[in-house]
Amino acid sequence: MIAITLPDGTVKSLPSGSTGMDIALSIGRKLAQDALALKVNGQATDLLAPLSADSTVEIVTFDSPAGKDIFWHSSSHIMAQAIEELFAGSKFGAGPSIEQGFYYDIASEHRFREDDLREIEKRVLEISKRDLPICREEMSRTAAIEFFSTTRVDPYKVEILEETLKNIETVSLYHQGEFTDLCIGPHLPSTAKVKAVLLTNISSSYWRGDSSRESMQRIYGITFPSEKLLKEHVLQLEEAKRRDHRKLGAELELFMLTPEVGSGLPIWLPKGAIIRNELETFLKEEQRKRGYLPVYTPHIGNIELYKRSGHYPYYSDSQFPPLTYHDEEGKQEQYLLKPMNCPHHHLIYSSKMRSYRDLPIRLTEFGTVYRHEQSGELNGLVRARGFTQDDSHIYCRPDQLVDEICDAIGLTQFVFATLGFSEIETRLSMHDPANQAKYGGTAEVWEQAEKDVKEAADRMGIKYFIGVGEASFYGPKIDFIVRDALGRKWQLGTVQVDYVMPERFDLTYTGSDSQKHRPVVIHRAPFGSMERFIGVLIEHTAGNFPLWLAPVQAVVLPIADDVHDYASSVHQQLLAAGIRSELDLRSEKIGRKIRDAEIGKVPCMIIIGQKEKESTEVSLRRHRIGDEGRYSVSSLIERLLTEITGRT
RNA sequence: GCUGAUGUAGCUCAGUCGGUAGAGCACUUCCUUGGUAAGGAAGAGGUCAUCGGUUCAAGUCCGAUCAUCAGCUCCA
């Protein structure tokens with residue numbers, strides 16, 4: 001007998017050789033039905049693997065992230081089997097589970113089309129009905145190479161075995177019916193667990209992510225243990241579509257993109273410009289309190305500037321080509337559309353002598369930059385070719401550095417909290433020691449910079465994860481990452497430490513010893529890019545902006561013509577108080593006017609009829625809330641202004 | 001940039017076998033004057049993304065280009 005400890009602390013005694021299924025059955029039939037796999041002492045294993053020692057176990061179901069991971073991983077195998085049955089000769093690359101489902105990379109003579117996906121879906125469900133047991137088999141690596149060279153010819157699996165797994169003695173294969181895949185597991189006990197499938201799209205990928213290798217066809221899908229869960233998922237996708245900033249941006253007239261201006265070059269429409277302007281004003285106020293000094297710099301700069309900064313050689317691919325012309329003497333000059341603001345700011349720093357008493361100096365600018373992102377990368381506001389960074393550079397002494405990083409983190413946190421972003425991931429972006437060529441500066445400088453970044457992050461008590469190889473070429477970063485409506489991650493705010501640029505630009509200050517010293521630079525941008533931030537904000541709020549940001553804050557809705565004069569005077573009073581108000585004088589019924597204001601996501605509807613006119617009051621209706629009762633005009637204005645200035 | 005898909009009125013979308021382009025919403029005008037999410041009628045609105053080809057005839061078939069979407073790759 002062995003002792004099995006369950007997550008709630010109860011201990012069950014079962015015969016040695018019992019499986020996860022036996023444990024689940026001993027707890028309840030429902031659990032046994034839902035059980036997908038087992039965690040033994042924290043390690044995921046197959047449900048039918050026999051246990052021979054005392055252990056702490058947890059039954060894994062679809063409700064847990066581990067359960068979804070296993071479910072979708074097995075699903076990718078089932079899809080591969082379906083594809084193999086339908087399209088003989090298909091070879092399989094990698095087929096992992098991902099955050100929302102799974103994919104499999106396939107090399108096939110056949111070009112997969114939308115219609116094929118429906119056929120494959122049918123076959124997946126058929127394989128599910130066959131209720132094939134999914135069995136693990138362990139063998140030596142050499143035996144597995146033999147297997148994938150002769151029994152099941154799949155050169156990709158052989159390559160994985162020979163390269164990725166070259167230091168591993170024993171590997172595992174999983175069999176289900178005629179299909180076998182090389183896989184570490186664990187997997188579902190049977191194909192029958194998969195009850196609903198949706199194959200979502202076909203794209204391409206490179207074998208092992210290497211663009212010099214052959215390209216494969218990647219099929220994405222998602223599966224569920226019930227039809228009901230699939231329906232919920234489809235509803236979620238539809239909701240995400242409704243929140244898509246590109247759709248809302250057009251509907252609410254916030255911004256536009258047109259090939260007549262150029263791909264990836266957003267134009268801010270009046271309503272979008274209001275939001276951006278409010279956000280800029282907000283940050284400017286906060287920065288003024290924190291001792292930042294505003295500057296302005298031009299949109300283009302001599303190419304020599306970027307060669308000096310080191311940006312040009314590192315990033316020449318993603319810049320617009322230089323503007324080249326010849327001056328009066330025939331000398332050639334080249335200018336670059338500004339891909340970043342830092343070099344300009346460095347020149348401002350070095351435009352005069354700086355004393356250690358002057359530091360830190362915090363230069364700030366909403367600087368518009370242009371980067372030639374690959375066409376396939378462009379995505380509304382969140383990935384554009386022209387965008388504005390809320391860019392500041394803080395020049396400080398080494399002894400001030402950690403304090404300054406902490407202040408920058410604090411400002412970023414304040415900005416995010418004000419805008420209601422609560423689910424932020426923070427990444428410490430460090431350099432990749434295996435790829436030194438990607439970075440400027442010496443090893444000592446990097447060591448110091450990464451230590452400083454960590455110290456500041458720890459002092460600010462932020463939860464973070466380390467991103468190896470995510471650093472910029474001049475230094476490590478603290479990146480603040482949020483998700484869009486579709487769950488895709490976007491980097492917004494960033495705080496970066498830079499010991500490299502001060503060298504390149506020979507930045508100095510005079511110390512108390514009257515000697516020259518090197519300052520350290522912090523690059524920081526709480527919003528990151530105004531475009532991206534607002535794009536994500538649109539999705540985050542679904543276009544229901546807080547009052548202080550709403551392009552139209554109030555709309556005055558008279559019920560009938562005989563109160564138009566009074567309504568118009570209320571509207572004028574709102575405007576005079578600085579509230580962005582509109583007046584709806586259409587000859588529509590009040591229900592219609594309310595509906596249009598609700599659809600337009602206007603936060604306040606000011607409803608005015610005969611009763612309000614007589615008592616010189618107004619009725620307030622809040623967007624998505626409803627009737628809030630009567631107010632005098634002055635008390636309404638006071639209430640709205642309090643909400644606006646408080647940015648709540 | 002790569003792979004696949006898409007492109008018809010301001011928006012959402014029909015358009016069969018290749019035979020002179022349709023709906024709803026929005027818009028304009030008129031009627032209607034009302035109490036918390038759609039009052040009624042009429043009207044206007046299109047070089048079917050662009051360019052080229054096949055054909056007696058192309059929104060429809062073929063090719064190229066541009067743009068958008070999904071993913072890959074890249075990312076200061």
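Treat the numbers as computed from the prediction; the structure is a model and nothing was measured. Below, chains carry the letters A, B, ... as their sequence lines are ordered, and counting in each starts from 1.
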In whole angstroms, the gap separating P of rA76(B) from CD of Gln491(A) amounts to 9 Å
Can you tell me how far C1' in rA21(B) sits from the matching atom in rU47(B), rounded to whole Å? 13 Å
For atom C1', what is the distance between rA23(B) and rA64(B), given to the nearest Å? 34 Å
When you measure from the side chain of Ser318(A), which nucleotide among rU33(B), rA37(B), rA76(B) comes out closest? rA76(B)
Side-chain N or O of Arg592(A) less than 4.0 angstrom from OP1 or OP2 on rA26(B)? yes
For residues Phe112(A) and Phe87(A), establish whether the separation of their ring centroids is below 6.0 Å. yes
For Ile594(A) and rG39(B), give me the distance from atom CD1 to atom P, rounded to whole Å. 11 Å
Just to be sure I understand the rule, does Leu378(A) reach a base, reach only the sugar-phosphate, or reach nothing, if contact means heavy atoms closer than 4.0 Å? sugar-phosphate
Side chain of Ser587(A), heavy atoms from C-beta onward: which of rA76(B), rU33(B), rC27(B) has the nearest atom to it? rU33(B)
I'd like to know if Glu253(A) reaches the base of rG10(B) with its side chain such that a donor and an acceptor end up less than 3.5 angstrom apart. no
Once you round it to whole Å, what is the distance between P of rG4(B) and CG of Leu117(A)? 14 Å
For nucleotides rU6(B) and rA49(B), find the distance between their C1' atoms and express it as a whole number of Å. 11 Å
Just checking Arg621(A): base, sugar-phosphate only, or nothing, at a heavy-atom cut-off of under 4.0 Å? base
Lys589(A) side chain, from C-beta outward: closest of rG34(B), rA70(B), rA38(B): rG34(B)
Residue set satisfying side chain to side chain contact (heavy atoms under 4.5 Å, CB included) with Leu257(A), at least two apart, ordered chain then number -> Phe255(A), Pro266(A)
Between Tyr474(A) and His523(A), does the ring centroid distance fall short of 6.0 Å? yes
Pick the P atom in rG52(B) and in rG43(B), then give their distance to the nearest Å. 37 Å
Between Glu470(A) and Gly264(A), just flag the one whose closest nucleotide in RNA chain B comes earlier from the 5' side. Gly264(A)
Let's see if you can work this out: which of rG39(B), rG71(B), rG35(B) has an atom nearest to the side-chain heavy atoms of Lys611(A)? rG35(B)
Rounding to an integer number of angstrom, what distance separates rC48(B) and rU20(B) when you compare their C1' atoms? 13 Å
RNA chain B in dot-bracket form (Watson-Crick or G-U pairs under 3.5 Å, [ ] crossing, | inter-strand) is (((((((..((((.....[..)))).(((((.......))))).....(((((..]....))))))))))))....
From rA37(B), rU33(B), rA76(B), nucleotide with atom closest to Met340(A) side chain: rA76(B)
Contact class for Glu373(A) (heavy atom, under 4.0 Å): base, sugar-phosphate, or nothing? nothing
Between rU68(B) and rC11(B), how far is it from one P atom to the other, in whole Å? 15 Å
Rounding to an integer number of Å, can you tell me how far Arg595(A) CZ sits from rG34(B) P? 22 Å
Correct closest heavy-atom pair for Leu252(A) and Gly600(A) would be CD2-O, 4.0 Å
Once you round it to whole Å, what is the distance between C1' of rA37(B) and CG of Asp596(A)? 9 Å
Salt-bridge present (Arg118(A), Glu121(A); N to O < 4.0 Å): yes
Considering only rG1(B), rU36(B), rA76(B), which nucleotide approaches the side chain of Ser472(A) most closely? rA76(B)
Taking the side chain of Pro339(A) as its heavy atoms from C-beta onward, which of rA76(B), rC69(B), rA67(B) lies nearest to it? rA76(B)
Does Ser619(A) reach a base, just sugar-phosphate, or nothing at all? Heavy atoms under 4.0 Å. base
Could you state the atom-to-atom distance from NZ of Lys247(A) to P of rC69(B) in whole Å? 14 Å
Any N/O donor-acceptor pair, Ser203(A) side-chain to rU3(B) base, under 3.5 Å: no
Contact class for Glu628(A) vs. all strands (heavy atom < 4.0 Å): base, sugar-phosphate, or nothing? nothing
Under a 4.0 Å threshold between the charged nitrogen and the carboxylate oxygen, would Glu598(A) count as salt-bridged to Arg621(A)? yes
Hey, does the side-chain of Ser204(A) have a donor or acceptor N/O within less than 3.5 Å of a partner on the base of rG71(B)? yes
Provide, to the nearest angstrom, the distance between the CD1 atom belonging to Ile607(A) and the P atom belonging to rU36(B). 9 Å
Considering just the side-chain nitrogens and oxygens of Asn201(A), establish if one lies under 4.0 Å of OP1 or OP2 belonging to rC72(B). no
rC66(B) and rU16(B): how far apart are their P atoms, nearest whole angstrom? 29 Å
Looking only at atom P, what distance separates rU65(B) and rG10(B), rounded to whole Å? 27 Å
Base rA67(B) paired with Ser375(A) side chain (donor-acceptor, <3.5 Å): no
To the nearest Å, how far apart are Tyr103(A) OH and rG71(B) C1'? 10 Å
Hey, what's the ring geometry for His77(A) with Tyr104(A), parallel, tilted or perpendicular (30° and 60° as the breaks)? tilted
Arg504(A) versus Ser309(A), side-chain donor and acceptor atoms under 3.5 Å: no
What contact category does Gln610(A) fall into here, base, sugar-phosphate, or nothing, at under 4.0 angstrom with non-hydrogen atoms? base
Quick one: does Arg246(A) reach the base of rC69(B) with a side-chain donor-acceptor pair under 3.5 Å? no
Which heavy atom in Pro476(A) sits nearest to a heavy atom in Val453(A), and how many Å separate them? CG-CG2, 3.9 Å
Using 30° and 60° as the class boundaries, would you call the ring planes of Phe320(A) and His372(A) parallel, tilted or perpendicular? perpendicular
Could you tell me whether the phosphate oxygens of rU12(B), OP1 or OP2, come under 4.0 Å of any side-chain nitrogen or oxygen in Arg242(A)? no
Pair Arg243(A) + Glu239(A): basic N to acidic O under 4.0 Å: yes
If each of Asn379(A) and Arg532(A) is mapped to the nucleotide of RNA chain B with the nearest heavy atom, which maps nearer the 5' terminus, i.e. the 5' end? Asn379(A)
Base, sugar-phosphate or nothing for Gly609(A)? Non-hydrogen atoms, less than 4.0 Å. base
Side-chain N or O of Ser263(A) closer than 4.0 Å to phosphate OP1/OP2 of rU68(B): yes
